[in-house]
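Following: one structure in structure tokens, then a few remarks.
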Amino acid sequence: MRYSELASDRVATVAVIGAGASGTLAATYLLRAAAAARTPLRVALIDRYGQHGLGRAYATEHPAHLLNSPVDRMSAVAGDPGHLARWAAANGIRHDGFLSRAAFGCYLRELLADAERAAAPTATVARITADVVGLSHSGLRRPLRLHLAAQGRIDADAAVLATGNQPPAAPFPAPASPRYIRDPWIPGALDGVADGSPVVILGTGLTMLDVAISLTGAHPQTVVHAVSRHALVPREHLVPPEHPVPREHRLPPDPAAAPAGLQVPDLSRVDLPGLIRYVRLAAAQAPDGWQAAVDALRPHVPGLWQRLSLPDKRLFLRHVARYWEVHRHRMPPATARRIDQLRSAGRLSVQPGRIVAVAEKPPGLCVRIEHQGRATEVAAGWLINATGPAADITATTDPLLRGLLNSGLARPDPLRLGFEVDASGVLLNASGRPSDVIVALGPPLRGQLYETTAIPEIRDQAAALAGRLLAICRDRAAPLTAPSPPGLAGSAA
Ligand SMILES: Cc1cc2nc3c(=O)[nH]c(=O)nc-3n(C[C@H](O)[C@H](O)[C@H](O)COP(=O)(O)OP(=O)(O)OC[C@H]3O[C@@H](n4cnc5c(N)ncnc54)[C@H](O)[C@@H]3O)c2cc1C
């Protein structure tokens, strides 16, 4: 479909850049809101890999790549926690409380397709495969112009940045070798890696677990050595999966409502030592185990994070986050069993250390690992970077994000983890002024909210943004009816 078909004079266009879970849910909620308000709208849902509805997390087809949250915490429909479980039952998908990520990808695609059907013909969505390399104010008929890598452009009335996490950064001089996989979630990145030669994975989090399971399953000789500074591996979910946190274990928003014996800090003045003390106490006192305390805290994380001082946030990121993450993002029991088997069979080792150098040593790589002053060298067929999202948006080489920062359309949050937005998700420009027409959701807001990368948060942000975007489009409705100069319709193959 040529994009010019979308460039109707009379109908507002919202460009959603990135079609992973964030972009897909933003489009879904936008279609629903437009249909409910009978507002004509076109949504251009753009993804560079054509992974509409899937993105990095849900494009995997491996049946052992499971959601790391139980089914009752992954509903993409706000206010209906049972929605995903009912969808799975209706589709005959059997599970032990943890669905495969591939199934979840189908679910997201279906949600979008359902919203599309229900909204037609008032509101429509076009799924476009293109790499957006620039976003500028056009000053023309529509205020924004998206520049595409291949050729062409898309003019829009509003844009949603749903670009996901930054790819990992290499904490060592990265070799130019194709045997160094800089990001395992790029489509096709792991093709050919399971050739029976040893694999070193930098990082010991959930991505490492998935990659180790895939590679060892694909070749009987493949052995994986996982390395990280502290060798911390995600904890395991309880069996059976924990059910929604009982009301009495929820973190009370009002300290006066704390259960007897549980000292809740004054949430208006949070500091890191107090917060750590509180979490430790709550974890120790939670009758159903520390998991309930961690899960109870989760919805409060954005509010707490925003009230921490900048030095405390930095301290948290440097010294505490790795411990929080392995307790907060837990692995499903089936994954834990598989990982135990691999470790017992000697096919997966997890060791503390830092990779300090990597050299090509045909046919593979020589990886130098240091730990407590001792260095070891590992001959590896492959080295995979599974360290998680890069931590400095200002170092990005992504042309779109770079351009947004260079042009002053966006500014980094004070921690430089992502972009700064106002309370409704509207992007702030270099001088702190909210954009009229650009919003963001999901991982790019990590510096501001910390807890913003998982489905419950993305879902709620997408639902809230829909109304904001619709208002922008309505505001733009009058100018849209004016006759347009020729030759301004966007075009993208
Ligand atoms: C492996 C993995 C497992 C996870 N498991 C869970 C889980 O079990 N439960 C849970 O709640 N959360 C989970 N998460 C977290 C969360 O659900 C994901 O991070 C979430 O899917 C983020 O979606 P996203 O759309 O923001 O980002 P992404 O999935 O990264 O999607 C962004 C998309 O934007 C595209 N894009 C980026 N820039 C451009 C551009 N300039 N032009 C065009 N396209 C562009 C990319 O190609 C990509 O497809 C997991 C995350 C990962 C990585």
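Note that the numbering runs from 1 along the sequence shown for the chain. Numbering of ligands and ligand atoms starts at 1, following listing order.
We find the CH2-OG1 distance between Trp185 and Thr60 to be 6.0 Å, quoted to the nearest 0.5 Å. Separating the CG atom in Leu202 from the NE2 atom in His225 is a distance of 14.0 Å, to the nearest 0.5 Å. Taking CZ from Arg48 and CG from Leu400, the interatomic distance works out to 8.0 Å, rounded to the nearest 0.5 Å. Atoms CD1 and NE2, on Ile46 and His52 in that order, are 8.0 Å from each other to the nearest 0.5 Å.
In this structure, Arg86 pairs ionically with Asp80, as a charged nitrogen and a carboxylate oxygen lie closer than 4.0 Å. Look at Arg328 and Asp295 and you find no salt bridge, because none of the NZ, NE, NH1 or NH2 atoms lies under 4.0 Å from a carboxylate O. Salt-bridge check for Glu110 with Arg117: failed, with every basic side-chain N at 4.0 Å or more from each acidic carboxylate O. The pair Asp340-Arg343 does not meet the salt-bridge criterion, since no charged nitrogen lies less than 4.0 angstrom from a carboxylate oxygen. We find that Asp413 and Arg446 are not joined by a salt bridge, their nearest charged nitrogen and carboxylate oxygen being 4.0 Å or further apart.
Annotation: Asp47 places an N or O atom under 3.5 Å from an N or O atom of ligand 1; distance criterion only. Residue Thr207 has no N or O atom closer than 3.5 Å to an N or O atom of ligand 1. Considering backbone and side-chain atoms alike, Ala454 places every N or O at 3.5 Å or more from each N or O of ligand 1. Taking any N or O of Asp398, backbone or side chain, none lies under 3.5 Å from an N or O belonging to ligand 1. Ligand 1 has a nitrogen or oxygen under 3.5 angstrom from a nitrogen or oxygen of Val132. Note: no N/O pair closer than 3.5 Å links Tyr49 and ligand 1 by distance alone.
Nearest to atom 24 (P) of ligand 1 by heavy atom, out of Ser22, Pro167, Ala19, is Ser22.
Taking a cut-off of under 4.0 Å to the non-hydrogen atoms of Gly55, the atoms of ligand 1 that pass are 29 (O), 31 (O), 49 (O). Listed by number with element, the atoms of ligand 1 under 4.0 angstrom from any heavy atom of Ala21 are 21 (O), 23 (O), 25 (O). If you number the atoms of ligand 1 from 1 as listed, the ones under 4.0 Å from a heavy atom of Thr453 come out as 15 (C), 16 (C), 17 (O), 18 (C), 19 (O), 20 (C). Atoms of ligand 1 found under 4.0 Å from any heavy atom of Leu67, numbered from 1 in the order shown, are 8 (O). Heavy-atom contacts of Pro443 reach the following atoms of ligand 1: 26 (O) (cutoff under 4.0 Å). If you number the atoms of ligand 1 from 1 as listed, the ones under 4.0 Å from a heavy atom of Ser69 come out as 8 (O), 9 (N). For ligand 1 and Asp131, the ligand atoms under 4.0 Å from any heavy atom of the residue are 40 (C), 41 (N), 42 (N). Interface of Ala162 with ligand 1, defined as ligand atoms under 4.0 Å from a residue heavy atom, comprises 32 (C), 34 (O).
The side chain of Met74, and not its backbone, has at least one atom closer than 4.0 Å to an atom of ligand 1 (non-hydrogen atoms only; side chain from C-beta on). Residue-level proximity to ligand 1 for Arg56 is carried by backbone and side chain together, each with a heavy atom below 4.0 angstrom.
Between Phe316 and Tyr450, the gap from one ring centroid to the other is short of 6.0 Å. Aromatic ring centroids of Tyr180 and Phe172 lie under 6.0 Å apart.
Judged by the shortest distance from any of its heavy atoms, Gly442 lies outside the 4.0 Å radius around the atoms of ligand 1. The shortest separation from a heavy atom of Phe104 to ligand 1 is not under 4.0 Å, leaving the residue out of contact. Within the structure, ligand 1 has Arg101 among the residues with a heavy atom less than 4.0 angstrom away. Within the structure, ligand 1 lacks Pro444 among the residues with a heavy atom less than 4.0 angstrom away.
For the pair Arg101 and Phe104, the cation-pi test (distance below 6.0 Å, angle within 45°) is failed.
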